[in-house]
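What follows is a set of notes on a single structure, which appears directly below.
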Amino acid sequence: GVWRQTRALLFKNCLIKGRTKKSSVQEVLFPLFFLFWLILMSMMHPHRKYEAVANTNLGSLDTSILMNFVIGYTPPTRWAREIMKKVAFDNFEDGLLTEEYLSEEELQEASAFKSSSFVGVVFTDAMSYQLRFSDSVAMSSIYMESR
């Protein structure tokens with residue numbers, strides 16, 4: 001039963017392919033043409049290998065320009081406090097001045113008063129944030145959604 005039906009189906013397909021030679025040739029040649037085209041393009045633009053860059057000591061960070069700098073953040077959650085504490089004290093002996101705000105509106109008002117030395121950080125969740133400057137908004141580098 002099954003073998004007879006399979007053999008009849010294969011014979012039928014061979015007859016159809018024999019009668020429609022043009023479309024059968026196209027089914028074979030178009031993929032081969034595109035494969036050849038991809039190989040040709042990859043040969044025209046070969047992969048470049050860059051040599052390693054030696055480690056370089058960049059020196060110490062000049063913290064004098066950041067002495068009167070204020071970083072405000074919102075919302076005041078546990079993980080936001082931990083992140084901002086790490087930012088403030090990891091690279092600076094005295095630490096940067098951080099202020100927490102209850103809402104984004106309060107953060108924007110503070111930004112208007114301290115425009116030259118103030119940066120706001122708005123945490124949207126535990127993994128993403130937005131930087132607020134006095135005149136613009138900067139997205140984080142891990143922002144994945146379409147704009």
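Residue numbers run from 1 in the order of the sequence given.
Distance CE/Met41 to CE/Met44: 5.5 Å, rounded to 0.5 Å. Here the CD-CD distance, from Glu106 to Glu100, works out to 10.5 Å after rounding to the nearest 0.5 Å. Atoms CD1 and CZ, from Ile71 and Phe118 in turn, are 9.5 Å apart once rounded to the nearest 0.5 Å. Expressed to the nearest 0.5 Å, how far SG of Cys14 lies from CZ of Arg19 amounts to 11.5 Å.
For the pair Tyr73 and Leu107, the minimum side-chain heavy-atom distance is 4.5 Å or more. With a 4.5 Å cut-off on side-chain heavy atoms, Val70 and Glu99 count as touching. The closest side-chain heavy-atom distance from Phe36 to Leu32 is not below 4.5 Å. Side-chain atoms of Phe11 and Leu9, non-hydrogen and from C-beta on, never get closer than 4.5 Å to each other.
Taking all atoms of both residues into account, the shortest heavy-atom contact from Pro76 to Leu102 is CG-CD2, 3.9 Å. Contact between Ala80 and Pro75 at its shortest, heavy atoms only, is CB-O, 3.5 Å.
Looking at Thr98, its side chain never comes within 3.5 Å of a backbone N or O of Met84 through a donor-acceptor pair. A donor-acceptor pair under 3.5 Å links the side-chain atoms of Lys21 to the main chain of Gly18, judged by distance alone. At least one donor-acceptor pair closer than 3.5 Å links the side chain of Thr74 to the backbone N or O of Tyr101. Distance alone, capped at 3.5 Å, is enough to place a donor-acceptor pair between the Thr20 side chain and the Ile16 backbone.
Note on Leu15: it does not cluster hydrophobically with Leu10, by side-chain heavy-atom contacts below 4.5 Å among ILVMFWY residues. Hydrophobic clustering (side-chain heavy atoms under 4.5 Å, transitive across Ile, Leu, Val, Met, Phe, Trp, Tyr) groups Leu40 together with Leu38. Under the 4.5 Å side-chain heavy-atom criterion for Ile, Leu, Val, Met, Phe, Trp and Tyr, Tyr129 and Trp79 are members of the same hydrophobic cluster.
A side-chain donor from one of Arg132 and Gln130 sits under 3.5 Å from a side-chain acceptor of the other.
Ion pairing between a basic and an acidic side chain is recognised when a charged N comes within 4.0 Å of a carboxylate O; Lys86 and Glu82 show no such pairing.
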